[in-house]
Amino acid sequence: MKVTALLASRAARTHRRAWAAVFAALAFTSLLLGALALALASAGLGHPRVARYAAAALVVAGDQNTRFTATPWGSEPRTAEAGLTERVRVPAAALGVVRRVPGVRAAVADEVFPAGRDGRAAVGRPWSAARLAPWALRDGRAPRRAQEVVVGGGARVGARTVLRVGGVDTAYTVVGVAGGPPTAVYFTDGEAHRLAGHPGSVDAIGVLARPGVATEELSARVRAALDAAGARSVGPRADGDAAGLRVLTGNGRGGAEFLNAGPARAGLLELLASVAATVVLIALLVVSSTVVQALRQRAGELGLLRAVGATPGQLRRAVGKEVGRVAAGAASAGAVGALPAYLALRGVLDARGALPAGLELPLPPWLWAAPLVTAGVTVLVARFAAVLAGAGAAKLRPAEALRESAPGTPRKVTGLVLLLVGVSSAGTAALQSGAAAGNAAGAAAVTMVGACALLGPWIADGAMRVLGAPLRRYCGPAGHLAAANCQVAARRSGAALTPVVLVTAFVGVQLSAGATLTHAGAAQAREALRAGLVARADGGLPEGAAERIREVPGVRAATGVVRGTVVLARRETGEPRLDRLPVLGVTPQRLTRTLDPEVREGSVRELRPGTVAVGADRARSLGVRPGGTVTLRFGDGTPARLRVVATYERALALGDFLFSRDELLRHGALPDRERVLVTVAPGGDRATTAAALAAAVPGVRVETSPAPVRVAAEDQALGEVVTVAAVSAIGGFTVIAVLSTLSLIGFGRRPELRLLRLAGAGRGQLRRMLRLEAAATALTGLAVGAAVASVPLLAFSLGVARTVPYLPVAPAALIVAVVAVTAGAGTLLPARAALRGRYPGRGAAGG
């Protein structure tokens, strides 16, 4: 032990520059993992904000989750669960059950519905529910008659205000001003329940406890009373999908208010876990490569130690201790920067508005220690890399230390197997859709990069055979030297290629996959839009607005469009899955004149409740055609077996399913979300028609330059920001790896460069040689990385978007520029010391 400790201590001091590259890679690994650990822990502790029900001891709400159970191959039944983003309602009869529970001081029915107030969006509620916050009167009194309201602000007592609910304008008298949000409008209980339009049910029930009654005890009593009464959420559910009422306490109370927060939190956890796994894999690859290179340049020293009697075990332990010492300091340094990195990510999420309304991501002080755990993981990654690197170094024979050994056949076979696995994974991406296809493409890229790391020497040798001729022919003596160096030291050149291939392939796949879908979806949305006007109104359009608009002179076609969500239950390799999908509901009359989905089979004119049109790719995966049936769950959890009336091509823009407008409104889609797309008749004037629409439908807003209609998942913005942040961080990590690896190679080549100086090579010739080597490394790495990226990207883009991969010019140019600058800096900077000064046999240090 003393021998290995001495060897490790002396080697760590002697090779400070070599270990500096390893230190940088490990420090960045620790920083990334620490920031991700904080993000994961914060998301794990995340919860919807408690606002409307802050004063309630507990809240009774509908079951906002749907479940699907299936039996994977040769396994026990498993259940998948997904959040519902449309309101699942509570039967009004439950109010009486809760009121009779001992310890309940009051049970208050709450209704929340969209309204329009003086041309601005507002939220309507019953006045009795204000006490659940609690929000009290600041001026005036409570409403007593149907035509009286209390407002959250922006009006004085006694003023008249016109409110639009469900498309109907009604004048009310302001009798009070209350605290709380300024957009709130409070009605009498009876008027609020009438305007909400859901007789026999309520949104939620807030419960106030009697003094001295513990919340946990009261929650158990209410739970038992509801179960005894057989109270269930309103509406049917699929087989095996329980629909009991929820009794929410503590932070859980916010789940009855912010319906999107829970599903977004689950999606964020899944995304962060995937990114963390990718970081660990890339870190292992990069750190292993860096440690191996650090030891390879000391081959002579290790061979000498073997010659004087050091055993393989002593060398392995010495290398492990060396790496452990470096890793401990690097991991600690990275852990210090993890908290600022996480706070920067949170700042970007907040600035971009990527977090859904009401989602709280707490970061208590005790959680700040999480980076210390990931620092330990970083040390483990380094020790594992040391085991891999030390195994080869320990077996080195003294004679082998003086020459570069050829890579063995097992390495080539393993690399070819990984390459085959990566291509197979890319083929899987072509058969998937959405996030599953993106994940398969990313996995294929990482696997193929690993294959290239193993096959690096052969790739470098082949590249130099291709580039060697032009280098020798057009670049003079420096070209001859560069080609000879790269070809003779193929193993060294292969190590330099690996991080370049990694940064090119990984960043290219991650950026291009999302950009391809966005670009193709935007193109489909532009092609689908035929309308020149769009009509909307805060508080909703009146019933029959589309029919009324069609009768306006100058209007050729009008289509009502409302957004919603559905949940598709399916099996993936036997595992149950629930996919929440954004969808559109439309009025089918002359649909293709306003919004053309590019129908392939059937006709969208037959869309009505009980039917559905399906995107062509989704129809193929489900095995359905017009006349067939699909089974879905609407946003409120209601199952439906729908007859397919058409298939269409533009699903990237319009979603995988098109429904009748009335169907989606029946299952929770808010009328306030409705828009009417209007196509002006040939020869008609857009401005004149817009004015006629505003006159025909009072309170409507008419936009003369409508944006293309395109569906988007609720957490799309969140996923985009996290993905870009992760790609940027991992891209920076791999850039550090490129610089570190090339620097290590450069430090190890100093004796070689001094020997060339002594042999008569000028400084200028050597600089040109190094520039050409850097250019060859960058060019080969970019070419191989692009080839690696193109395989999964082609499968992904052709299978999902039916187009070739797309990457904007700016990111592509940035990748090329960063690789070129990093390769140049990593090659030239370490060689500066060897190119200075005068040497024997030279009259001057010139080139």
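Treat the numbers as computed from the prediction; the structure is a model and nothing was measured.
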Which atom of Gln524 lies closest to which atom of Ala653, heavy atoms considered: OE1-N, 3.4 Å

Could you grab the distance from atom CZ of Arg650 to atom CG of Leu529, nearest 0.5 Å is fine? 10.5 Å

Applying side chain to side chain contact (heavy atoms under 4.5 Å, CB included) to Leu420 and Leu416, what does each step give before you reach the verdict? CA-CA 6 Å; Leu420 181 61; Leu416 292 174; over 6 Å; no

Do any N or O atoms from the side chain of Thr518 and from the backbone of Ala515 form a donor-acceptor pair under 3.5 angstrom? no

Could you walk me through whether Thr777 and Thr827 pass side chain to side chain contact (heavy atoms under 4.5 Å, CB included), step by step? CA-CA 10 Å; Thr777 299; Thr827 303; 5.7 Å; no

Could you check whether any side-chain N or O of Ser274 sits under 3.5 Å from a backbone N or O of Glu270, counting only pairs where one atom can act as donor and the other as acceptor? no

Using every non-hydrogen atom in the two residues, find where Pro340 and Gly337 come nearest and quote the distance to one decimal. CD-O, 3.3 Å

Considering all heavy atoms of both residues, which atom of Pro792 and which atom of Val509 are nearest to each other, and what is their separation? CG-CG2, 4.2 Å

In terms of heavy-atom contacts, Ala525 and Arg710 come closest through CB-CB, 4.2 Å

Going from CE on Met448 to CG on Leu418, what distance comes out if it is rounded to the nearest 0.5 angstrom? 10.5 Å

Where the side chain of Ser797 meets the backbone of Thr803, is there a donor-acceptor pair that is under 3.5 Å apart? yes

Suppose we screen for side chain to side chain contact (heavy atoms under 4.5 Å, CB included). Which residues come up paired with Ala331, at least two apart in sequence or across chains? Ser30, Ala375, Thr378, Val379

Any idea which heavy atoms bring Gly521 and Leu652 closest together, and the distance? CA-CB, 3.9 Å

Can you tell me how far the OG1 atom of Thr374 sits from the CG atom of Leu32, to the nearest 0.5 Å? 10.0 Å

Could you list the residues that satisfy side chain to side chain donor-acceptor pair (under 3.5 Å) with Ser42, not counting sequence neighbours? Tyr342

Non-hydrogen atoms of Leu361 and Ala43 that approach each other most closely: CD2-CA, 3.8 Å

Flag, side chain of Thr447 to backbone of Val421, donor-acceptor distance under 3.5 Å: no

Between CG on residue Leu363 and CG on residue Leu339, distance to nearest 0.5 Å: 6.5 Å

List in chain and number order the residues that pass side chain to side chain contact (heavy atoms under 4.5 Å, CB included) with Val722, two or more places apart in sequence or in another chain; answer none if no residue qualifies. Leu268, Leu271, Leu272, Leu349, Leu718

Would you give the length of the straight line joining atom OG1 of Thr504 to atom CG of Leu782, rounded to the nearest 0.5 angstrom? 4.5 Å

Distance, nearest 0.5 Å, that separates CG of Leu814 from CG of Leu511: 9.0 Å

